[in-house]
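In listed order, ligands and their atoms are each counted from 1. If you read the sequence from its start, that first residue is 1, and numbering goes on from there.
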Amino acid sequence: MTDPVLDAIRRRRVVRSMTDEPVDRSLIESVLDAARWAPTAGNRHLQRYLATDDPDTLRILRAVSPGMIQRPRAAITICVDRRLAQEYGFGPAAPGPLIDVGTAAATMLLAAHALGIGAGPVTSFSRAAAAVVLDLPDGWSAEMIVCLGHPAAVQPAPIGARRKLSWRDLTRWAPAAAR
Ligand SMILES: Cc1cc2nc3c(=O)[nH]c(=O)nc-3n(C[C@H](O)[C@H](O)[C@H](O)COP(=O)(O)O)c2cc1C
């Protein structure tokens with residue numbers, strides 16, 4: 001039996017070469033809409049999103065992002081509302097808000113894949129410069145940029161590709177509890 005969700009999980013790959021074709025706003029909005037369904041710590045929804053499809057902003061953002069190999073036609077920067085996080089009792093080192101960034105990112109990458117657009121996450125960027133370029137509201141910390149664009153026909157080789165790990169390589173069963 002093939003399941004479309006499991007199929008999408010297996011087929012999705014990071015897209016690091018994108019065409020010049022713009023991405024429709026409706027597609028970007030669909031990716032943003034998908035993000036709000038991602039699970040969040042305490043159901044607090046502390047992530048905030050800064051979307052841009054402005055070519056000049058994207059060019060400057062790329063200039064401060066060594067990890068942005070692709071030239072995206074749109075980008076969604078996933079931020080944490082640090083003030084709200086503090087109000088809800090998440091200390092600066094609490095893992096929940098950053099884990100939430102990961103759940104949102106994974107959901108967005110799958111949504112983009114389902115919509116037929118390419119997506120690639122980037123964490124190698126200057127947080128301080130991105131905050132200025134994107135004119136982030138006070139209290140928002142930029143944590144990950146999700147690049148969006150139409151995939152080029154040829155993609156660069158995967159980063160750090162080694163043999164595909166099986167779930168068995170990554171997993172141990174816990175021993176049965178003593179009775
Ligand atoms: C936390 C995190 C940070 C990442 N940062 C970058 C990045 O800065 N630049 C980049 O090209 N890819 C980045 N990636 C994408 C990974 O390199 C990619 O998921 C991995 O190579 C496996 O490729 P696949 O997702 O196509 O299977 C990041 C992924 C994660 C989860």
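One distance of note links CE of Met18 with CD of Gln70; it measures 4.5 Å at 0.5 Å rounding. A distance of 7.0 Å separates OG1 in Thr52 from CG in Leu134, rounded to the nearest 0.5 Å. The OG1 atom of Thr123 sits 11.0 Å away from the CE atom of Met68 when rounded to the nearest 0.5 Å. Atoms CG and SG, from Leu61 and Cys147 in turn, are 7.5 Å apart once rounded to the nearest 0.5 Å.
The closest heavy-atom contact to atom 27 (O) of ligand 1, among the options Arg13, Glu143, Gln70, comes from Arg13.
For a threshold of 3.5 Å applied to N or O pairs, the pair formed by Val14 and ligand 1 contains at least one separation below that value. An N or O contact shorter than 3.5 Å links Ser124 to ligand 1 by distance.
Contact of the Glu143 side chain with the Thr77 side chain is not registered, since no non-hydrogen atoms from C-beta on lie closer than 4.5 Å. With contacts defined as side-chain heavy-atom distances shorter than 4.5 Å, the pair Val146/Leu148 qualifies.
Within a 6.0 Å sphere centred on CD of Gln86, heavy atoms belonging to other residues, nucleotides or ligands number 12 at most.
Within a 4.0 Å radius of atom 22 (C) of ligand 1, the protein contributes no heavy atom. Closer than 4.0 Å to atom 18 (C) of ligand 1 lies at least one heavy atom of the protein.
Under 4.0 angstrom from ligand 1, there are no non-hydrogen atoms of Met68. The side chain of Arg16, and not its backbone, has at least one atom closer than 4.0 Å to an atom of ligand 1 (non-hydrogen atoms only; side chain from C-beta on).
Proximity of Pro121 to ligand 1 is established by a heavy-atom distance of less than 4.0 Å. In this structure, Arg12 has a heavy atom closer than 4.0 Å to ligand 1.
Every atom of ligand 1 with a heavy atom of Met144 under 4.0 Å away is listed here by number and element: 1 (C), 2 (C).
Of all protein heavy atoms, the one lying nearest to atom 9 (N) of ligand 1 is Gly67 O, 2.9 Å. Closest to atom 4 (C) of ligand 1, if we only count protein heavy atoms, is Thr123 OG1, 3.6 Å.
Salt bridge status for Asp53 with Arg25: present, with a side-chain N to carboxylate O gap under 4.0 Å.
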